[in-house]
Trainee: 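Please see the structure below; I have some questions.
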Amino acid sequence: MPVQLLKIIKGESETPLPSHLQKEDLKHLQEGFDYTNKYFQGTVVLCYPLTKLRDGTDFFKVVLQDLNNSCSRINSINILIYGKMAEDCAKVIRHGDTFVVAGFKLAKSPTAREDGRHGCHLEVSEEAGSAIYVRVNQIANRVLHAAPSVAPKYVYTPLNHLKDGTVVNLYGIVKFFKPPYVSKGTDYCSVVTLVDPSNAKLTCTLFRGNLDSLPKIYKIGDIVRFHRIKIREYNGQMQGITSGGFASLTFDGTVGAPIVPRTSSKLYTFLGEEQKTIEELRAWAASNLSISGPAAFFFFFLNHFGFFSLQVWDGTKCPYPTWKVPVEASDLEGEKALLHQLRNLTVDILVYDNHVPLAKSLKIGSFLRIYSIRTKQASADNADASHVEFHLHGGTCYGRGIGVLPESNPDVKELKEFLESVDLADSQNAESVSSVELDGTFSNVTDLQSHLQRCQQLSVTVLTDHQDLNNTGLRTILNSTAPQQYRIRAKLRTFKPQKLHQSIKLYCSKCNSLKEVPDGDDFDLILQDSATTAPNPELHNTSWYGSVMWTTQDQKQRKIAIHFVKHDEMLQEPEHTLLMIEGGTLKEIWKLSRRFKCVIPVRSTKDDLELLDFSAPFLLQGNVKYYGCKHCSTPKTIKSLSSLAAEQRPSWEPTEIAQVLGIVPLQYVFIMKFTLVDGTGALNAYLFDYEKFFQIPASEILTNNFLQQKMQMTMNTLCPPGRKLDDLPWLECFIKSYNITDGTKHQVYYQIFDTTIAEDVV
DNA sequence: TTAGGCTTGG
């Protein structure tokens with residue numbers, strides 16, 4: 001009989017497994033080996049509905065977890081069961097059962113990347129000579145209940161249909177939560193506010209004697225499924241409260257993330273159609289909710305001393321000196337060598353009141369999220385004690401509290417990878433330079449500032465806003481819908497264009513078009529062409545400009561006219577003067593633009609001066625040529641300039657000049673494509689920058705060798721040629737995702753924003 | 001029972 005139930009008595013099967021079978025551990029399962037006489041044992045954590053393949057074969061998929069490997073990153077594996085065995089298994093199997101698969105075939109799992117399970121799956125069928133043993137406590141019960149659908153059918157109530165005094169099942173997206181804390185009664189308490197696509201809101205007060213029985217919510221946006229929650233009216237609003245038999249599942253709310261329920265319960269139902277519900281809620285939340293919450297800090301928990309203080313690290317160095325709780329070496333509970341190594345990187349957090357019992361129960365080495373920590377700067381006039389303190393004050397307002405994350409959590413994996421990537425030798429060397437901070441104090445403000453600068457070197461970029469955002473892994477971002485904004489920490493693997501001058505474009509903010517910067521030869525040709533039209537003497541010397549004209553002595557006998565714009569009927573100092581020129585060469589115009597405030601190349605028509613072609617600059621100022629958008633501009637007569645000239649102190653700002661002339665100016669921008677990588681994935685992000693990122697004006701770089709060198713050095717620092725990925729520096733950036741739809745093709749793009757190169761990088 | 005989101009504090 002291929003599927004057998006083995007009754008368990010005192011923890012052992014009544015009937016032993018056949019003696020020829022040898023146990024195989026999850027971590028030893030490898031492709032290319034013969035598993036005819038091997039068996040794998042695990043706990044059933046997920047059952048999919050029994051289905052039929054195209055050829056009519058019954059097919060049943062279950063997920064087994066290897067409880068002996070619960071600490072390792074991958075501890076579950078897909079089991080694909082075919083034919084009669086599929087049907088038999090579907091009848092008897094229940095979540096939490098111990099399941100033994102013998103004589104299976106091993107094949108590469110095509111879904112491993114998505115579901116995060118083992119890279120291989122087990123294939124099981126009668127034809128392959130497989131056998132399945134299910135270890136159960138009560139065979140009689142099992143046979144009695146064996147039915148095509150083992151799972152009871154649950155009905156879920158939308159949040160806008162809740163009625164006082166009922167007990168319901170529901171789904172919701174977490175809008176707010178307080179991580180579990182010890183209540184003043186006998187239980188742990190957690191408060192959770194949910195929303196759903198009905199747009200109704202429900203705040204639930206959940207009590208459980210066992211911390212594990214409360215929902216495992218790690219962040220706002222997580223999705224929960226509550227079974228048997230009691231609904232009551234309180235202060236005119238519906239309120240959820242735990243009732244007997246309350247049970248919950250929690251899911252990551254990120255679109256595309258693996259759908260793995262978080263629960264302490266070994267017995268739960270989760271079917272295919274419920275997966276669909278999660279996917280729908282994720283999609284709804286992505287486009288209808290703006291997920292934001294109080295700042296949460298994410299730490300590796302290293303030590304606690306006294307009964308009130310935690311010592312933690314998140315892989316970075318706090319940019320300010322932090323207050324250290326005075327502690328005797330004998331009071332340290334953590335791993336001493338590690339604590340010593342990290343002594344200048346860890347921070348101490350003082351924990352108060354209701355958070356103390358939970359803090360005391362924490363295991364060293366766990367990963368914590370601490371919500372609503374208060375940072376306190378010691379008073380500035382006491383420079384000797386300049387430092388930052390971290391307090392987790394009493395109470396649970398705004399979700400203040402401590403959450404413990406399991407190792408399987410993707411954010412934990414990301415943090416772990418980051419911690420592993422930190423070069424401790426480097427950090428400690430950097431520390432030894434500044435002995436002042438070893439005792440946690442700074443003697444003056446300058447020390448503090450220079451310290452701050454050094455710490456910023458940890459990332460070669462600096463964020464100019466939204467510092468309260470938490471980092472998101474690139475994989476999570478790639479799996480999410482746009483538009484959203486993220487803070488990331490990544491390395492620059494490569495960038496385009498490699499020839500930096502090619503990164504400069506002209507951009508019209510009105511029609512969003514990009515244009516190549518015309519080269520000097522184009523301008524020269526336009527000037528030569530316009531010089532064939534002689535200046536019209538009738539247009540010289542008006543009320544608002546004075547004109548001079550002369551003929552070159554060379555063979556060409558070229559006529560040049562210069563019109564100096566007057567102010568209060570007077571000519572100004574050259575450096576304040578705007579002039580218009582007809583018949584000049586590139587070189588002459590260039591020289592004039594160095595000496596005079598502004599130069600506008602023009603040509604004569606019958607009754608007015610006019611601007612040249614749009615491929616020529618409408619204005620030259622200093623080193624910069626200003627161009628107009630051909631598409632968006634509606635040039636006005638040159639006379640319009642007289643209104644600016646009449647102003648008391650004409651500033652001759654290019655934007656003002658453009659405006660009166662009916663020109664929509666093009667702006668110089670850097671456009672680059674950065675390929676960013678972190679431990680979780682790779683992502684192409686566009687840099688669209690006028691000046692902020694490089695702290696170099698895009699308008700000036702083409703004519704300034706010094707700035708070109710500076711930019712080259714900056715890029716060499718961000719992405720040093722010939723270096724391995726490990727040796728590249730970290731970049732902290734904000735990026736935003738956005739959708740581009742081109743016909744039927746839809747794509748998500750990413751752009752860097754509110755990020756700048758650290759001051760001391762170049 | 002507990003808390004019933006909405007802080008300022010050692």
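In what follows, chains carry the letters A, B, and so on, assigned in the order in which the sequence lines appear, proteins first and then strands, with residues in each chain numbered from 1.
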Trainee: Going by side chain to side chain donor-acceptor pair (under 3.5 Å), name the residues that satisfy it together with A/Thr203, two or more places apart in sequence or in a different chain.
Mentor: A/Thr193
Trainee: Under the side chain to side chain donor-acceptor pair (under 3.5 Å) test, which residues partner A/Asp187, sequence neighbours left out?
Mentor: none
Trainee: Check each residue of residues 162-172 of chain A for a non-hydrogen atom within less than 4.0 Å of any atom in DNA chain B, then write out the ones that pass by number, or none.
Mentor: none
Trainee: Give a yes/no on whether any side-chain N or O of A/Lys376 is located under 4.0 angstrom from OP1 or OP2 of B/dT8.
Mentor: no
Trainee: Quickly work out the A/Lys184 NZ to B/dT1 P distance and round it to whole Å.
Mentor: 16 Å
Trainee: With sequence neighbours excluded, what pairs up with A/Tyr750 under the ring pair (Phe, Tyr, Trp, His ring centres under 6.0 Å) test?
Mentor: none
Trainee: Using the side-chain hydrogen bond (donor to acceptor under 3.5 Å, both in side chains) rule, collect all pairs that involve residues 242-253 of chain A, keeping only residues at least two apart or in two chains.
Mentor: A/Asp252-A/Thr254
Trainee: If you check every side-chain atom of A/Cys397, which of B/dT2, B/dG5, B/dC6 has the closest atom?
Mentor: B/dC6
Trainee: Side-chain atoms of residues 159-174 of chain A: list all donor-acceptor pairs with protein atoms under 3.5 Å, sequence neighbours left out, distances to 0.1 Å.
Mentor:
| from | atom 1 | to | atom 2 | distance (Å) |
| --- | --- | --- | --- | --- |
| A/Asp164 | OD1 | A/Glu233 | N | 3.1 |
| A/Thr166 | OG1 | A/Lys163 | O | 2.6 |
| A/Asn169 | OD1 | A/Arg228 | N | 3.0 |
| A/Asn169 | ND2 | A/Val155 | O | 3.2 |
| A/Tyr171 | OH | A/Glu274 | OE2 | 3.3 |

Trainee: Give me the residues of residues 236-245 of chain A where at least one heavy atom lies under 4.0 Å from an atom of DNA chain B, by number, or none.
Mentor: A/Gln239, A/Ile241
Trainee: Any N or O donor-acceptor pair linking the side chain of A/His393 to the base of B/dG10 at under 3.5 Å?
Mentor: yes
Trainee: Applying ring pair (Phe, Tyr, Trp, His ring centres under 6.0 Å), can you list everything that pairs with A/Phe246, at least two apart in sequence or on another chain?
Mentor: A/Phe226
Trainee: For the pair made of CD1 in A/Ile231 and C1' in B/dG4, what is the distance, rounded to whole Å?
Mentor: 14 Å
Trainee: So which pairs with a foot in residues 179-212 of chain A pass ring pair (Phe, Tyr, Trp, His ring centres under 6.0 Å), sequence neighbours left out?
Mentor: none
Trainee: Mind telling me whether A/Tyr154 and A/His227 have parallel, tilted or perpendicular rings, with 30° and 60° as the class edges?
Mentor: parallel
Trainee: For A/Tyr218, check ring pair (Phe, Tyr, Trp, His ring centres under 6.0 Å) against everything at least two apart and list the hits.
Mentor: none
Trainee: Kindly state which residues belonging to residues 199-216 of chain A come within less than 4.0 angstrom of DNA chain B, counting heavy atoms of the residue only, listed by number.
Mentor: A/Thr203, A/Thr205, A/Phe207
Trainee: Does anything in residues 193-217 of chain A form a salt bridge (Lys or Arg N to Asp or Glu O under 4.0 Å)? List the pairs, not counting sequence neighbours.
Mentor: A/Asp212-A/Lys216
